[in-house]
Structure formats: structure tokens, C-alpha cells
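These numbers were taken from a predicted model, which means no experiment stands behind them. Just the heavy atoms: all of them, side chains too, but no hydrogens, waters or symmetry mates, feed the values below.
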Amino acid sequence: MTAQPTRPHHAIWPARLPRELVLPDTSLWFNLEVSATRYPERAAYLFFGQPLRYAELRRQAEALAGWLQAQGVAKGDRVIVYMQNCPQFVVAVHGVLRADAVVVPVNPMNKADEFGHYITDSGARIALTTADLAGIVAEADAQVPAEQRLKHIVATRFADAMPAEIDPAERPSETILQWLLADPPLPPGALRWADVLAEGRVPAPHTARPDDMALLPYTSGTTGLPKGCIHTHRTLMQNVIGGGQWGHAGPETVSLGVVPMFHITGFIYGVLGSVAGGGTTVILPRWDRELAGRLIARHKVSHWTCIPTMIIDLFGSPNYASFDLSSLRYLSGGGAAMPQAVAERLQKEFGITFAEGYGLTETAAPTHANLPERAKLQCLGIPIFGTDSRIIDPDTLKELPPGEIGEIVTNGPQVFKGYWGHPEATRASFIELDGKPFFRTGDLGRMDEEGYFFITDRLKRMINASGFKIWPSEVEMLLFKCPAVQEACVIASRDAYRGETVKAVVVLRADARGKTTEQDIITWARDHMAAYKVPRIVEFVESLPKSGSGKVMWRQLQEQEAKAA
């Protein structure tokens, strides 16, 4: 372990925490083995009151691993996991890891037009999904070249992990309940999850080591299709172990698992971290503010990682004053800034400090976090264990002093190993400072005298809607498939609730003019892209501003939108 140079935040570093972590020299799967041995009858997860105990979680994951290996899944092979939050998601992840393979988590909001890329780019041959999404997988798979198609689609039902009767206090809204209980027919050839586990296959000995690849989550960028981020057992272990120490977590912890598990934050804390610590996670498959309020009280939830819009929505409930939040002792999150007024209200009415953090898919979530005992509002926090973050001039690449705005760059044990199949993009994402590689985040920020970081803007072209990162180029590529669209430029528009929302500036094809409305474009988009990417605003124009080289001048449109706002 190499000693880190002294940085400003070390002066306020709490005595309870080590500066750097000593990580286990084992795989992520071993964390489940340990917890299942220590706490076999403890509920690892609760799903509408139905427990999935640690011993059973291990048994199901091993049965899945044995089946995967029987289908030819070998060390390093990729397996897609495409589900909303449910206990089966956790079983799927640990089953893939037990098989020495690599988890490819895909956003369950993606449509078939988007999903095919994850099949072809990752090289996965098996997809683990839910019955409501199996049709999307099959539709996407049918569109990819025959030699790249999936070998198997395995689908589970939410009801398989739910109790026969749900206690009224655990009952979700009627809309969500009907969705959970539905049992749509599976596409031809798809396998039932229950049948796969029932085969009872025994996996070969586990051989994965810390530096083997474990996870391939996808992130979009300024250009092109989403790129996979190579994470090993070791890069993930850093925040799995560190998150528990930072937030006072342990086997007594009860967490609310509502942040999407496919997302790197939900994956680290809701799937891997909770299991490693031996705690219990109460799962919500979709956000339901009334149910969330009841579950926090009913199960004495102590830890909740969330998105600020969830807190805002909770306060918007007519019943919020009756929610008993007294069990909460660690409330954290990120993805979007917490409005100061809401943070102050949390503190005043419930005595809870919201500890914001900051991280990216490339960094396995947090590189920065606010100390729960010393948090600053609307602040990213300080660099966490063994992490060296700096502010540099994005042009000269020289480090800047406190107070000056520049690009945030980070070196740490949790930083990814590169973009899957994109060595040139990997090289462009790193610079060297003091002999160490630093990842360029593309975010502009500043550091105060105590070493706390604050975000100010983005170098990358990106929209942040309620914590969902939306890359305009990806939305534009999908819009070009619309038969009415000749050209499109996607920009951010201010939104009182989401922070930012998606606006599409569209040039219609000649034969669509006068026949196509803005709502027609929005309706088409809903059928072809994830809901959070769908433009909420569409503006028709005769032409888009372009540079001398013919490139669309999106900044000009963005600046016009900002002035109008």
C-alpha cells in the first residue's frame, strides 16, 4: 500500500476512518459465502415482506452458476442481467460471479432498438431477465447478426419472490401491483427461471481472483453508442468495503433498496455492499413514495441511498408528516444536487443530514463523499479512502489552487481498467500527474480550502434529469430512425422537478411537414427509447445552425435555451 501525498482534506479526516483500505484478497462471490456462513437464517432481502435468507440466496446463486457453466459459460464470459429491482437480480449477479463470469447490467427501461447493442458489443450469449422484458430481449436479438445472437433467454416472474398474500402495510400502488403480478407469455424458446434453478446443477470450483473482470456496465459518451466500463473484483471491492465503513454500516443495517440495481450506485450498495456487510435490504422495484414512507417505519430502515428527487417527492405526499423516519441514521445519495431548502427541511423536521456524494460508472460510483458528521450542502464531499482528486486546467492540464474552477480528475483503487473494445477512448480519458494515471471526469468544479469539492458545470455534453445521465448524441441517433425526422439536435431544458429535461430541436422531412406534430415525435420516442431519454419538449425549426465544416452547433442552441429560461 503506497502512502498518499498530503491533501487539504486530510486535515479534517475523522479519526474513526483509515486513510486507505486493506482490501480482501478474494472475489466478490466470497463475500456471499462469508455472510451465508455467518448469518444463514438472516434475511438478506425483503420483497413485500417475503424474506430471501442468506443461505437460500447462496443456494440459488450456486444452482444458477452450475446451469450457466453447463451452457458453456466460462471464465470471463459476459452474461446480461436485465431486470428491475427484485431478489432475482441479486441471485443473478452472484450466480454469474460464482461461475467466474462477468455481469453486464442493462437498464430495464431500454427498448429493443437500444438493447441490441448490449448483445453485440458485450458478446454475451445468455440474458437473465423478467417475464415483462423477455419480449424486448427477443425482439432485439432477432435484429442482430445470426452469429452474434443469444443462446438462451431466461425469464423470471416477480411473483416468484413475493408472498402469497401481501400485508396491507407492504402493499404497493395498484398500478405497480398489477405489473408485478402479471405473467405474460414468454417468447418462443425462452426458459423459465424456476425450471433453470430446479435442475440443481453444481458449479465447478470458483477460481476468480481480484484482478479478473467482474462487471461490464455501460456508459454513454459525447459520441457514438454506449461503451462498456471494465471493472474487476478489486475495483468494485474498494467501494463495497469502503461504503460500509464510511456510513457506519454492518450486519445490523437495514437499507431501503430503491435506487435501480442496474445503476452503478444501486449495484455497489444494494447488491454487493449489503451482502458483504451481512445487512438486510428492503427492495422496492419502482419508486412509490407512500410505500417507501411506510416501509422505512415498518422495518426500521437505518440506511437509505437515494436520489434527491425521491426526497422531494416524499415531502410532496399529503401523508409525509405521519411518516416515522426516526430509524434513519444515514441518508446519502447523488446523481443530482440536493436543493438547499429541501436539505434544511430534512434537518429541521427530521434531524437528518443528507450526505451527498459523487462518482461515475467509470469509478464504480463514489470517489467523493460528505462525511455524515461533517457534511456541507450542495457539495460533492471530500475524496474517499485512497483516492487522490484534483482540479486541473482542462487545456494546460496543470493543477489549479483551491477556489479556481477546472476539470475534476481522479486517481484511486476504484477507477476502471478501460473501455471495452475502445483502447483509443481509454487513452483519451487518462492523463498522468506526479507519475500516476488520473481519470478525466469531464466535470468542471472547484475545491475549497478544506478539500471539499463542488461541481460547477460539465465539459461533456450531457443532460442530468433526476439523476439519470442522458447523452444527447444517443437520443439523436435514435431520433434519426423516426420516419418524420430529417435532422435533430438534443439539448437540456430547465425543469423545476427533474433539474433538467430533454428538448429536441427537429427539422422535419419534407413529406412530414404540416402532417406531423410535436406530440407525434414524443409518442414515437416513447416506443423506441427508455422513458427518461424521451424528449419532453420538441421544437420544429427550418434548419439547424452549422459550422463551416457542417457540424451542428449544439452549443449555440443550448445557449439560446439558457437565455430563454
Kindly indicate whether the side chain of I522, heavy atoms from C-beta on, has any atom under 4.5 Å from the side chain of V534.
yes

What heavy-atom pair brings D113 and H528 nearest, and what distance separates the two atoms?
OD2-CD2, 2.8 Å

Carboxylate-amine/guanidinium contact K436 D388, below 4.0 Å
yes

Tell me yes or no: between the side chains of D520 and T517, is some donor less than 3.5 Å from an acceptor?
yes

Heavy-atom donor-acceptor pair, D141 side chain to L150 backbone, under 3.5 Å
yes

Aromatic contact, F416 with F439 (centres under 6.0 Å)
yes

For a 4.5 angstrom cut-off between non-hydrogen side-chain atoms, does V79 reach L128?
yes

Do E362 and K417 pass the salt bridge (Lys or Arg N to Asp or Glu O under 4.0 Å) test, and can you show the C-alpha distance, the side-chain angles, and the key distance before you say yes or no?
CA-CA 8 Å; E362 289 92 339; K417 299 303 179 182; over 6 Å; no

Pair E424, Y419: side-chain N/O donor-acceptor within cut-off below 3.5 Å:
no

On a heavy-atom basis, the closest approach of H368 and S389 is CE1-OG, 3.0 Å

Would you say T387's side chain and P383's backbone share a donor-acceptor pair under 3.5 angstrom?
no

Has the side chain of H117 got a donor or acceptor atom that lies under 3.5 Å from a matching backbone atom of P226?
yes

Taking E476 for its side chain and V490 for its backbone only, find out whether a donor-acceptor pair lies under 3.5 Å.
yes

Closest approach of A92 and M83, non-hydrogen atoms and distance?
CB-CE, 4.2 Å

Should the pair R125-D77 be classified as a salt bridge under the 4.0 Å nitrogen-to-oxygen rule?
no

Please report the shortest heavy-atom distance between M462 and W471, naming the atom on each side.
CB-CZ3, 3.5 Å

Check whether any side-chain heavy atom of E432 lies under 4.5 Å from a side-chain heavy atom of F438, and answer yes or no.
no

Is there a donor in the side chain of D121 and an acceptor in the side chain of Y218, or the other way round, less than 3.5 Å apart?
yes

Give a yes or no on whether the backbone of A101 and the side-chain of R78 come within a donor-acceptor separation of less than 3.5 Å.
no

Quick one: do R286 and D288 make a salt bridge, cutoff under 4.0 Å?
no

Check: T232 side chain, D212 main-chain N or O, donor-acceptor pair, under 3.5 Å:
no

Taking side-chain contact (heavy atoms from CB on, under 4.5 Å) as the definition, give me every residue that meets it alongside R440, ordered by chain and number, with sequence neighbours left out.
P394, L397, E407, V409, I431

Can you name the nearest heavy-atom pair linking A134 to L186, along with the distance?
CB-CD2, 4.2 Å

Flag for T130-Q88: side-chain donor and acceptor within less than 3.5 Å
no

Any chance you could measure I312, atom CD1, to R345, atom CZ, to the nearest 0.5 Å?
10.5 Å

Roughly how far, to the nearest 0.5 Å, is OH of Y269 from SG of C306?
12.5 Å

Could you please spell out the steps behind the side chain to side chain contact (heavy atoms under 4.5 Å, CB included) verdict for I408 and L444?
CA-CA 6 Å; I408 301 170; L444 294 175; over 6 Å; no

Side chain proximity check, I521 to L508, heavy atoms < 4.5 angstrom
yes

Carboxylate-amine/guanidinium proximity below 4.0 Å for K111 and E139
no

Using a 4.5 Å cut-off on heavy atoms from C-beta on, say whether the side chain of F385 contacts that of P413.
no

Among T367, N370, T410, D443, find the residue that satisfies the side chain to side chain donor-acceptor pair (under 3.5 Å) test when tested with Y358.
D443

Does any non-hydrogen side-chain atom of I126 lie less than 4.5 Å from one of I80?
no

Just how far is it from atom OG1 of T129 to atom CD of Q84, taken to the nearest 0.5 Å?
10.0 Å

Would you say the side-chain atoms of N239 pair up with the backbone N or O of G242, donor to acceptor, closer than 3.5 Å?
no

Where G333 and T305 come nearest, the two heavy atoms and their spacing
CA-CG2, 4.4 Å

Taking atom types as modelled, find out whether R498 and T501 have a side-chain donor-acceptor pair closer than 3.5 angstrom.
yes

Cation-pi check, R446 to F453: give yes when NZ or CZ is under 6.0 Å from the six-membered ring centre and within 45° of the ring axis, no otherwise.
no

Are M237 and L28 close enough, and set up right, to give a side chain to side chain contact (heavy atoms under 4.5 Å, CB included), and what steps lead you there?
CA-CA 7 Å; M237 190 76 80; L28 294 163; 4.0 Å; yes

Within the 4.5 Å heavy-atom criterion, are I537 and V502 side-chain neighbours or not?
no

Looking at D313 and R289, is there a salt bridge between them, counting it only when a charged N and a carboxylate O are closer than 4.0 Å?
yes

Determine, step by step, whether S493 and E500 satisfy the side chain to side chain donor-acceptor pair (under 3.5 Å) criterion, reporting the C-alpha distance in whole Å, the side-chain angles of both residues, the deciding distance to 0.1 Å, and the verdict.
CA-CA 5 Å; S493 182; E500 292 180 334; over 6 Å; no

Tell me whether H231 contacts the main-chain N or O of T361 through its side chain, where contact means a donor paired with an acceptor under 3.5 Å.
yes

Short question: side chain of S317, backbone of L314 - any donor-acceptor pair under 3.5 Å?
no

Residue among D211, L97, L272, V240 satisfying side chain to side chain contact (heavy atoms under 4.5 Å, CB included) with H233:
L97

Decide salt bridge (Lys or Arg N to Asp or Glu O under 4.0 Å) for K546 and E487; before the verdict, give the C-alpha distance in whole Å, the side-chain angles of both, and the deciding distance to 0.1 Å.
CA-CA 12 Å; K546 294 177 180 173; E487 290 185 288; 2.6 Å; yes

If you round to the nearest 0.5 Å, how far is CD of Q148 from OG1 of T120?
5.5 Å

Any chance you could measure F262, atom CZ, to M109, atom CE, to the nearest 0.5 Å?
7.5 Å

Output for pair (I470 CD1, N464 CG), nearest 0.5 Å, gives 8.0 Å

Tell me, please, which residues at least two apart from F480 pass ring pair (Phe, Tyr, Trp, His ring centres under 6.0 Å).
none

Electrostatic pair E356-K376, nearest N-O below 4.0 angstrom
no

Under the criterion side chain to side chain contact (heavy atoms under 4.5 Å, CB included), I'd like the reasoning laid out for Q486 against V507: C-alpha separation, chi angles, the key distance, then a yes or no.
CA-CA 6 Å; Q486 178 177 316; V507 177; 4.3 Å; yes

Is R390 close to R7 at the side-chain level, that is, under 4.5 Å between some pair of heavy atoms?
yes

Mind checking whether Y82 and F115 have ring centres under 6.0 Å apart?
yes

Side-chain (E114) to main-chain (A530) donor-acceptor, under 3.5 angstrom:
yes

Under 6.0 Å from the CZ atom of R494, do we count more than 12 heavy atoms belonging to anything else shown?
no

Take F430 and V415 through the side chain to side chain contact (heavy atoms under 4.5 Å, CB included) test and state the conclusion after the steps.
CA-CA 11 Å; F430 287 88; V415 175; 3.8 Å; yes

